[in-house]
Asks: 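Starting off with a structure, shown below.
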Amino acid sequence: MTELHPEMHERRILGTELSWAFGVGVLIALSLGIIVVTALTMGINPPSNVERIDPKTLHLSGEFAEQNLGTSVGPDGHATVRIIATQFMFVPRCIAVPRGRGVTLRLATPDVIHGILITGTNVNTMVVPGYVAQVHTEFTRDGDLLMPCHEYCGIGHSEMWATVQVMTDNQFKPGADGRVSCAQR
Amino acid sequence: MHSDQPSAADDPAEVADDVDEAALARVMHTVPLGAAVLAGSMVALVVIGYLLIYLLIFIPRGTIG
């Protein structure tokens with residue numbers, strides 16, 4: 001082995017560092033590319049919605065009044081679910097949704113910060129007082145899923161959960177008013 | 001310094017070894033390659049883990065937005 005001139009050492013080290021930087025650049029481009037491709041082709045994006053609502057009056061009238069809570073189906077078959085997250089329960093406690101069709105979840109809270117996730121799906125959002133949290137999704141498997149509060153909201157936090165009943169087209173039959181409730185099982 | 005205090009230069013442990021430049025060059029030729037292989041394999045493991053979780057868990061869980 002020949003002894004390298006110090007300048008050659010420097011060049012070799014610089015070459016190694018540049019190769020490593022190139023590899024890191026490729027990895028960053030790859031991960032950003034995956035995120036962009038899945039966002040454009042599969043509709044997978046972080047839920048994002050900025051919509052104000054007055055937490056003091058949301059239960060009195062308007063979209064989140066008691067008679068509007070739960071699942072309603074539009075003429076195009078798209079289901080919209082309105083839920084209030086409050087210490088320490090979800091209203092309603094059981095949510096009926098269709099399998100294989102677009103679903104929009106809209107949540108609001110009159111008290112403190114809550115959060116939801118639905119097991120086995122990518123649904124996961126915070127519910128912040130003063131704002132409407134909104135998530136668009138599509139459920140691919142029918143059955144009962146658990147929807148717990150995942151943001152500590154007080155002493156009864158661990159008791160705060162709801163059930164999401166994913167129904168097949170045979171089971172998911174809106175009434176004359178376009179509303180659907182959970183089936184008794 | 002007081003005459004009864006020994007100088008650090010008297011202690012062999014405190015004096016730099018004579019470095020064999022040729023031996024150092026030989027070592028420095030192989031060490032960066034080993035470091036690159038080790039770091040590269042560890043990064044590859046992390047990337048493979050990320051891709052497996054993304055493709056086998058995240059994507060099958062369905063659309064979100």
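To find a chain, count down the sequence lines: A is the first, B the second, and so on, and within it residues start at 1.
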Asks: Output yes when a side-chain donor or acceptor of A/T137 lies under 3.5 Å from a complementary backbone atom of B/T63, and no otherwise.
Replies: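 Flag set: sc A/T137 to bb B/T63 pair under 3.5 Å.
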Asks: Taking disulfide bond (SG atoms under 2.5 Å apart) as the test, write out the residues that go with A/C153, two or more places apart.
Replies: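 Partners of A/C153 by the disulfide bond (SG atoms under 2.5 Å apart) criterion come out as none, since no residue qualifies.
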Asks: With a 4.5 angstrom heavy-atom cut-off, which part of A/S31 approaches chain B: side chain, backbone, both or neither?
Replies: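 Looking at A/S31, backbone and side chain both touch chain B.
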Asks: Tabulate, in ascending numerical order, the residues of residues 48-55 of chain B having at least one heavy atom closer than 4.5 Å to a heavy atom of chain A, or enter 'none'.
Replies: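 From residues 48-55 of chain B, the residues near chain A are B/Y50, B/L51, B/Y54.
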Asks: Quick check: closest heavy atoms across A/T121 and B/R61, and the distance to 0.1 Å?
Replies: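 Looking at all heavy atoms of both residues, the closest pair is O-NH1, 3.6 Å.
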Asks: What part of B/A35 gets within 4.5 angstrom of chain A, counting heavy atoms only: side chain, backbone, both, or neither?
Replies: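 Neither part, no heavy atoms under 4.5 Å.
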Asks: Quick check: is A/F64 connected to A/V112 through a chain of hydrophobic side chains (ILVMFWY, heavy atoms under 4.5 Å apart)?
Replies: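 Result: no, two separate clusters.
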Asks: Looking at A/V103, A/N124, A/V135, which one has more heavy-atom pairs under 4.5 Å with chain B than the rest?
Replies: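 If we count pairs closer than 4.5 Å to chain B, A/V135 comes out on top.
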Asks: Can you tell me which residue pairs pass the disulfide bond (SG atoms under 2.5 Å apart) test with a partner in residues 58-110 of chain A, sequence neighbours excluded?
Replies: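 Non-adjacent pairs meeting disulfide bond (SG atoms under 2.5 Å apart): A/C94-A/C182.
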Asks: Among A/V164, A/D144, A/L145, which one satisfies side chain to side chain contact (heavy atoms under 4.5 Å, CB included) with A/T119?
Replies: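 The option that passes is A/L145.
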Asks: Among A/H136, A/R141, A/E138, who wins on heavy-atom pairs under 4.5 Å with chain B?
Replies: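 The answer is A/H136.
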Asks: Taking A/R52 for the side chain and A/G130 for the main chain, is one N or O donor matched with an acceptor at less than 3.5 Å?
Replies: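 Checked: pair present.
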Asks: Is A/I44 in contact with chain B via its backbone, its side chain, both, or neither, using a 4.5 Å heavy-atom distance?
Replies: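 It is both, since atoms from each part get that close.
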Asks: Throw together a table of side-chain donor-acceptor distances under 3.5 angstrom for residues 15-25 of chain A, partners on residues two or more places apart or in other chains.
Replies:
unit_1, atom_1, unit_2, atom_2, d
A/T16, OG1, A/R12, O, 2.9
A/S19, OG, A/G15, O, 2.8

Asks: So which residue, A/V123, A/I34, A/N122, ends up with the most heavy-atom pairs under 4.5 Å with chain B?
Replies: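 Maximum pair count with chain B is reached by A/N122.
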Asks: Between A/L117 and A/P148, what is the shortest heavy-atom contact and its length?
Replies: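 It is O-CD, 3.3 Å.
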